[in-house]
Colleague: 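Got a structure here, written out as structure tokens. Questions coming.
For clarity, every value in this text was computed on a predicted model and none was experimentally measured. Each ligand, and each atom within it, is numbered from 1 in the order the structure gives.
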Amino acid sequence: MNNTEIIKELPKLDLHCHLSGSIRPETILEIVKKEGIPHYTDDLNEFKGHVQAHEECTSLKEYLERFQLTLSVMQKKEHLTRIAYELIEDLSKQNVYYIEIRFAPFFHLNEGLSFDEAVEAVLKGMEDGKRDFGVISNLILILMRHHSPEKSLEVVRQGRKFLGKGVVAIDLAGNEQDYPPELHKEAFQLAKEYGFHRTVHAGETGLPENILTSVNELHAERIGHGVHAYMNDEVYRFVKENRIPLELCVTSNIQTKAIDSYEEHPIKRYLEDGIIVTANTDNMTVSNTDLIEEYEKLVTKIDFSLDDLRRVILNGVEVSFASVEDKKYLRKLFNEKFNTLLK
Ligand SMILES: [Zn+2]
């Protein structure tokens with residue numbers, strides 16, 4: 001087998017994937033037509049250009065604009081279930097065995113769904129997907145930086161009943177420039193008391209010091225992106241010494257202009273320096289990528305060996321928010337597959 005074939009066969013997992021950024025373009029188009037939502041074109045190829053980020057994308061802000069249309073098709077139970085189910089189906093074709101899907105419940109209540117209905121609908125799609133395709137998944141509830149601290153507390157309070165039923169963690173996402181993490185400190189404190197795992201988007205658009213605040217004040221166990229840790233020596237040492245796992249998303253970082261090119265991405269440097277890095281997609285549709293593509297890029301553009309890939313994948317198993325039993329299962333399965341594929 002050549003590297004491309006091996007990469008395709010490798011057992012995979014994704015710890016940083018937004019549901020709203022990972023909907024099949026065909027499905028978005030079908031739902032906008034069905035629901036009478038204004039859209040640019042009925043031509044699928046042309047339509048894809050409106051839901052995927054381009055090379056010319058200039059910032060995180062522009063990248064995030066792609067989500068307006070995708071959120072409009074995620075306002076009904078049947079659509080949320082279908083979207084989650086299809087994502088699991090797509091993952092199964094890439095030999096993905098585990099995924100943590102994240103979504104912000106408050107973005108899906110515009111047309112009358114309750115918080116519980118939105119979460120239940122996504123969980124149903126994930127459960128059906130596990131039944132049909134064998135992919136294990138867990139759900140992360142996102143708190144939005146620009147929402148009020150009270151609203152964040154609401155996600156934690158209302159989300160609590162789903163702990164042990166598919167929800168494992170909370171996350172903080174959105175505009176990092178204008179809303180520092182400490183605004184949502186109270187919600188993260190409560191989440192910790194309730195038994196949620198915690199991850200926080202930080203150090204994605206500069207501001208590496210947000211990584212420190214997220215760990216020290218928000219009790220983050222992992223950092224979403226954290227790609228800019230290298231910009232501040234103190235932060236970098238902290239991440240390294242405290243073994244804080246980073247959920248890196250290489251293609252997304254380039255599209256949002258966090259990093260100029262694949263070749264300049266620090267993931268390999270981090271790995272060699274002993275930082276706990278994982279490789280993830282962020283948004284499969286908006287970034288027009290999947291895990292096969294991401295692993296390919298690591299090997300062809302960032303000089304990863306297949307053994308580097310193995311280390312990054314196994315890091316993912318260890319720092320995932322999966323249950324003890326699921327981790328044990330994944331560890332065994334992945335090692336068996338590695339032994340056959342990487343002899
Ligand atoms: Zn993200």
Side-chain angles (χ1 to χ4, degrees), residues 13-23 51-53 57 59-68 70-71 74 83-84 87 91 96 99-108 122 137-147 152 155 168-181 184 188 197-208 210-211 214-215 218 220-229 244-259 265-267 277-291 293-294 316 319-321:
L13 81 174
D14 197 332
L15 301 183
H16 192 125
C17 177
H18 294 259
L19 185 62
S20 58
S22 307
I23 316 171
V51 291
Q52 292 167 343
C57 179
S59 64
L60 178 62
K61 194 172 157 282
E62 202 185 316
Y63 182 85
L64 294 177
E65 279 167 10
R66 309 274 153 198
F67 290 90
Q68 280 162 8
T70 69
L71 287 175
M74 302 174 78
I83 287 164
L87 175 59
L91 294 166
V96 176
I99 181 162
E100 288 170 11
I101 299 172
R102 54 187 80 194
F103 95 124
F106 276 121
F107 279 163
H108 306 276
V122 174
S137 60
N138 281 311
L139 189 60
I140 299 176
L141 304 179
I142 303 176
L143 283 48
M144 295 306 300
R145 304 187 110 95
H146 67 281
H147 285 168
S152 288
V155 176
V168 287
I170 58 163
D171 171 33
L172 182 66
N175 178 345
E176 198 183 350
Q177 297 293 329
D178 301 321
Y179 302 92
H184 301 274
F188 276 79
H197 284 291
R198 286 95 39 207
T199 178
V200 174
H201 281 70
E204 178 184 7
T205 51
L207 307 172
N210 278 348
I211 297 173
S214 299
V215 174
L218 271 56
E221 297 159 83
R222 299 193 319 231
I223 293 295
H225 297 284
V227 60
H228 283 147
I244 308 297
L246 302 184
E247 305 159 2
L248 293 170
C249 310
V250 173
T251 297
S252 165
N253 290 157
I254 289 153
Q255 288 165 339
T256 62
K257 298 289 179 279
I259 301 290
H265 199 283
I267 185 167
V277 297
T278 62
N280 312 282
T281 56
D282 208 8
N283 298 288
M284 297 193 196
T285 303
V286 173
S287 282
N288 192 17
T289 192
D290 60 25
L291 281 169
E293 186 82 22
E294 291 301 302
V319 306
S320 74
F321 297 146

Colleague: Is the backbone of Ala258 close enough, under 3.5 Å, to the side chain of Asn253 for a donor and an acceptor to pair up by distance?
Modeller: no

Colleague: Mind running side chain to side chain contact (heavy atoms under 4.5 Å, CB included) on Cys249 and His225 for me, showing each step along the way?
Modeller: CA-CA 6 Å; Cys249 310; His225 297 284; 3.8 Å; yes

Colleague: Return the name of the atom in Asp282, of element N, O or S, nearest to the Zn ion (ligand 1).
Modeller: OD1

Colleague: Considering just N/O/S atoms, say which atom of His201 is closest to the Zn ion (ligand 1).
Modeller: NE2

Colleague: Do you see a donor-acceptor pair shorter than 3.5 Å between the side chains of Asp178 and His146?
Modeller: no

Colleague: Under the side chain to side chain donor-acceptor pair (under 3.5 Å) rule, what do His184 and His147 come out as? Steps first, then yes or no, please.
Modeller: CA-CA 9 Å; His184 301 274; His147 285 168; over 6 Å; no

Colleague: Taking both backbone and side-chain atoms into account, decide whether His16 has an N/O/S atom under 2.8 Å from the Zn ion (ligand 1).
Modeller: yes

